[in-house]
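Chain letters run A, B, ... following the sequence lines, proteins first, then strands; residues in each count from 1. Not measured: the values here are computed from a predicted model.
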Number of protein chains: 2
Amino acid sequence: MAASATREKIVTSADRLFYERGFEATSFADVAEAVGISRGNFYYHFKTKDQILDAVIERRIKDRHDMLDTWVDDGQTPMQCIASFIGILLMNNKKIRSFGCPVGTLFSELAKLDHPAEPGARELFDLFRIWLRRRFEDMGRTHDADALAMHILARSQGAATLANAYPDEPFLEDEVNQMIAWLDAVADQNAQKD
Amino acid sequence: MAASATREKIVTSADRLFYERGFEATSFADVAEAVGISRGNFYYHFKTKDQILDAVIERRIKDRHDMLDTWVDDGQTPMQCIASFIGILLMNNKKIRSFGCPVGTLFSELAKLDHPAEPGARELFDLFRIWLRRRFEDMGRTHDADALAMHILARSQGAATLANAYPDEPFLEDEVNQMIAWLDAVADQNAQKD
DNA sequence: CAATAATTGGGACAATTGTCCTATTCTGTC
DNA sequence: GACAGAATAGGACAATTGTCCCAATTATTG
């Protein structure tokens with residue numbers, strides 16, 4: 001098989017395992033078994049475990065970047081874009097209830113491990129932060145766009161964490177509704193000023 | 001030294017290490033070294049690593065329980081109590097910026113590991129949830145006390161996670177102010193109804 | 001078809017892990 | 001001061017870890 005195809009399969013499996021079990025708790029052998037290749041072959045594609053982590057983070061950044069771009073390219077209004085971001089929580093609610101937020105939980109783990117890839121994980125946060133900031137700016141909130149972006153980012157993180165702790169309760173849906181209501185209120189503030 | 005004293009020192013060191021490095025990443029040897037005892041002696045007090053984790057969780061529950069009780073016993077109003085809870089974020093802001101929330105990060109890790117102590121970690125959330133619910137009930141919000149408790153819990157978790165991701169920014173303080181403002185608004189809703 | 005490069009499988013390597021045992025030292029009581 | 005039990009130190013144990021090598025196989029090219 002072409003090396004690039006095998007590499008892609010490794011990254012895909014590692015991405016899933018790092019999310020479901022955590023980076024530290026996932027071994028070289030675990031990923032190799034999930035892909036269906038030998039550990040020796042594995043070494044041919046990735047020399048160290050940290051290299052896999054880097055590739056997984058890169059993949060996640062690309063995936064999220066593409067997703068965010070889609071909404072903008074689809075011609076959604078800035079407010080619809082932000083609502084779509086909030087909607088991620090519902091779209092992935094099953095996984096989030098089981099394993100939390102892929103961005104937040106990875107960052108937390110790497111922060112504790114003092115891992116060199118921590119800045120890479122923070123880039124994932126930055127990606128959403130900057131994109132959200134831009135949407136709020138387009139809504140006319142040039143003065144507090146970043147604060148609003150951080151606020152909605154924090155709310156999402158908190159909702160994901162508690163949804164993970166209480167997966168059987170309809171908490172996530174409630175919190176999403178509150179966030180949408182908050183977004184409406186922000187938009188109303190704008191309307192009054194105009 | 002008395003066995004109970006050594007045991008306490010072990011739990012204290014393990015508590016700190018599990019918080020700063022994570023449970024999985026902290027080894028038997030790490031804790032023993034931090035306490036200043038041999039691994040053999042360690043085994044005399046705790047037969048398995050999971051037993052240490054159980055003791056750490058028990059300790060955390062007791063500590064938080066005592067802290068919450070203090071505020072109520074001090075004669076604070078329900079609203080002051082909730083404000084004190086929010087104030088934890090500022091009180092521990094240095095640690096939170098470095099390692100996140102001790103409750104949330106531990107739960108996330110154990111959830112990923114599918115660890116038997118996961119319910120114990122959830123108890124920590126329950127402790128805060130039930131205590132907060134009670135305060136909101138005392139404020140007269142009998143109909144939505146639990147939803148309000150979950151909301152403030154989620155906001156705290158999100159604030160801690162992002163403070164961990166952006167430790168050098170004054171985000172945590174901003175978010176705390178917003179949470180206090182939210183609490184004031186909830187109280188105002190009550191006043192209007194009365 | 002031959003030869004060269006790309007890809008793979010199987011296993012070796014030292015280090016670390018959680019667990020466990022035993023010999024030794026300390027502590028308190030008669 | 002002798003003795004019993006509590007407490008400790010040091011190391012053994014198999015299993016697993018990340019890392020690495022090398023021979024065998026596959027794919028590509030002339």
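Aromatic ring orientation, A/W182 versus A/F136: perpendicular (interplanar angle above 60°, classes split at 30° and 60°).
When the P atom of C/dT25 is taken as reference, atom CD1 of B/I37 falls 19 Å away, rounded to whole Å. As rounded to whole Å, 10 Å separates atom P of C/dG18 from atom CZ of B/F42. In this structure, B/F46 atom CZ and C/dG18 atom C1' are separated by 15 Å, rounded to whole Å. In this structure, B/K47 places its NZ atom 12 Å from C1' of D/dA7, rounding to the nearest Å. Note: NZ (A/K9) to P (C/dT7) measures 14 Å, nearest angstrom. As a whole-Å value, the separation of B/D50 CG from C/dC20 C1' is 16 Å. We find that CD of A/E24 is positioned 11 Å from C1' of D/dG18, with the value rounded to whole Å. Nucleotide D/dT17 holds its P atom 13 Å from the CD1 atom of A/I52, rounded to whole Å.
Regarding contacts with the backbone of D/dT16, every side-chain N or O of A/S27 stays at 4.0 angstrom or more from both OP1 and OP2. For the pair A/Y44 and C/dT8, the criterion of a side-chain N or O lying under 4.0 Å from OP1 or OP2 is not met. Not one side-chain nitrogen or oxygen of A/S38 sits closer than 4.0 Å to the OP1 or OP2 atom of C/dG11.
B/I52 and B/I61 fall within a single hydrophobic cluster, where Ile, Leu, Val, Met, Phe, Trp and Tyr side chains are chained together by heavy-atom contacts under 4.5 Å.
Among the atoms of the strands shown, only primed sugar atoms or phosphate atoms (P, OP1, OP2) are found under 4.0 Å from some heavy atom of A/T26.
Cation-pi geometry between A/R129 and B/Y166 is met: the NZ or CZ atom falls under 6.0 Å from the ring centre, inside 45° of the normal. No cation-pi contact links A/K112 to A/F107, judged by a cut-off of 6.0 Å to the six-membered ring centre and 45° from its axis.
Listed nucleotides D/dG11, D/dG18, C/dT8 differ in distance to A/K49; the shortest reach to its side chain belongs to D/dG18. Of the candidate nucleotides C/dG11, D/dA9, C/dT19, C/dT19 has the atom nearest to the side chain of B/F28. Here the nucleotide nearest the side chain of A/N41, chosen from D/dA12, C/dA12, C/dT7, is C/dT7. Listed nucleotides: C/dT17, D/dT8, D/dC20. Nearest to the side chain of A/Y43: D/dC20.
For the 3.5 Å distance criterion, the side chains of B/T12 and B/R59 qualify, holding a donor opposite an acceptor.
Both A/G40 and A/A25 sit near DNA chain D, but only A/A25 has its closest nucleotide nearer the 5' end.
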